[in-house]
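Step one of this worksheet: look at the structure below.
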Amino acid sequence: IEVRTRFQIASEVASIRAKGKMTKRRIAQVQRDEARLGPRVDESPAACLRAFGAAARLFPAPAEGRIDTDQRPTYPRYVRAVFRDRSVVHTKTPGRAPRGFGTPLHPINLMEAISRDHLGRIRKRSWLTSKCRKALQLYFGLLRAAKNWTRARFNRDRESPGQLMGYAPRMLRLSELVR
């Protein structure tokens, strides 16, 4: 997400392993699923590299770029791999830092919450599960495109994030976007 304009650069859907605090019932369910389907492969590294790669293609060669992330230990390696020949400042903010307006991760957290809300219509039991990942990725791309090209950045604005980035002369109608 480009902070100033709220332009959503990329979103990737990927499978991750079950982790965190789980009830005994949830642990048993995970074990049953693994026995039936095999251990779940963590596809997060490849998804992160694709998302950072989309940002690299969108911003080909800035004099100096800036990337804000949480402190996930693998992000610096991904940033170096994708932006290896560029001057990029990577700012890391603790994920447990106070949240809210004005914090470095606020634009990311807000857009993620909005996306989760919009994806709520297709969830099964949780927003983390979907039986057809390809369809979820396509739907997420459609939501991102609509937000970037057909909607104002904020209610008070008259321009879309795509206009604010300089990629579009005007806000598109949804019919134009779909066409």
Side-chain angles (χ1 to χ4, degrees), residues 1-14 16 44 47-72 74-76 78-79 82-83 86-124 126-130 133-179:
I1 297 167
E2 200 281 325
V3 175
R4 183 184 62 82
T5 63
R6 299 299 203 270
F7 187 86
Q8 296 179 21
I9 298 168
S11 56
E12 290 290 331
V13 175
I16 59 172
S44 180
C48 288
L49 283 170
R50 286 192 303 269
F52 283 126
R57 287 187 301 278
L58 192 60
F59 302 103
E64 183 174 289
R66 178 178 165 180
I67 297 177
D68 296 324
T69 66
D70 61 15
Q71 288 183 326
R72 183 174 168 183
T74 54
Y75 283 161
Y78 300 154
V79 170
V82 173
F83 295 96
R86 301 183 210 166
S87 176
V88 174
V89 175
H90 182 196
T91 306
K92 298 173 279 284
T93 303
R96 299 202 188 277
R99 295 179 182 233
F101 183 75
T103 60
L105 297 179
H106 174 70
I108 296 168
N109 293 333
L110 179 65
M111 296 314 296
E112 183 179 327
I114 290 169
S115 297
R116 260 198 319 267
D117 182 55
H118 290 166
L119 290 170
R121 292 176 153 219
I122 61 171
R123 69 178 147 218
K124 303 284 186 194
S126 162
W127 69 272
L128 290 172
T129 61
S130 180
R133 186 177 314 134
K134 185 176 181 180
L136 181 61
Q137 181 68 50
L138 289 171
Y139 187 68
F140 209 161
L142 181 61
L143 287 175
R144 190 176 69 245
K147 179 71 175 148
N148 284 342
W149 306 109
T150 68
R151 310 228 355 146
R153 174 183 61 166
F154 301 122
N155 288 341
R156 67 180 178 267
D157 290 346
R158 300 231 187 281
E159 295 177 310
S160 69
Q163 284 177 277
L164 294 169
M165 289 286 289
Y167 295 140
R170 62 180 175 77
M171 199 178 315
L172 300 177
R173 292 189 310 267
L174 187 58
S175 61
E176 292 175 303
L177 177 69
V178 174
R179 203 173 334 137

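Quick note: numbers below take in every heavy atom, side chains included, and nothing from hydrogens, waters or symmetry partners.
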Rounded distance (nearest 0.5 Å) linking atom CD1 of Ile67 with atom NZ of Lys92: 10.5 Å
Any donor-acceptor pair under 3.5 Å from Arg151 side chain to Asn148 backbone: no
Return all side-chain donor-acceptor pairs below 3.5 angstrom for residues 171-179, not counting sequence neighbours, or 'none' if the list is empty.
unit_1	atom_1	unit_2	atom_2	d
Glu176	OE1	Arg170	NH1	3.1
Glu176	OE1	Arg173	N	2.8
Glu176	OE2	Arg170	NH2	2.5

With Tyr78 via ring pair (Phe, Tyr, Trp, His ring centres under 6.0 Å) - residues at least two apart: none
Least distance between heavy atoms, Met111 atom then Ile1 atom: CB-CD1, 3.2 Å
Nearest heavy-atom neighbours spanning Ala168 and Trp149: CB-CZ3, 3.7 Å
Rounded distance (nearest 0.5 Å) linking atom CZ of Phe140 with atom CG of Leu142: 11.5 Å
Stepwise side chain to side chain contact (heavy atoms under 4.5 Å, CB included) test for Thr5 and Tyr167: CA-CA 12 Å; Thr5 63; Tyr167 295 140; over 6 Å; no
Minimum side-chain heavy-atom gap His90-Tyr75 below 4.5 Å: yes
Side-chain donor/acceptor of Gln137 to backbone N/O of Val13, under 3.5 Å: yes
Minimum heavy-atom distance between Pro161 and Ala152, given as atom pair plus value: CD-C, 4.4 Å
Side chain to side chain, Cys48 and Glu12, heavy atoms closer than 4.5 Å: no
Check: Arg153 side chain, Arg4 main-chain N or O, donor-acceptor pair, under 3.5 Å: yes
Close side-chain approach of Thr69 and Phe52, heavy atoms under 4.5 Å: yes
Residue from Arg144, Arg50, Glu112 passing side chain to side chain donor-acceptor pair (under 3.5 Å) with Ser11: Arg144
Within 6.0 Å of CZ in Phe154, more than 12 heavy atoms from elsewhere: yes
Atom CZ of Arg66: over 12 foreign heavy atoms under 6.0 Å: no
Point-to-point distance, once rounded to the nearest 0.5 Å, from CG of Leu110 to CZ of Arg6: 6.5 Å
Side chains of Thr93 and Asp68 in contact at under 4.5 Å (non-hydrogen atoms): no
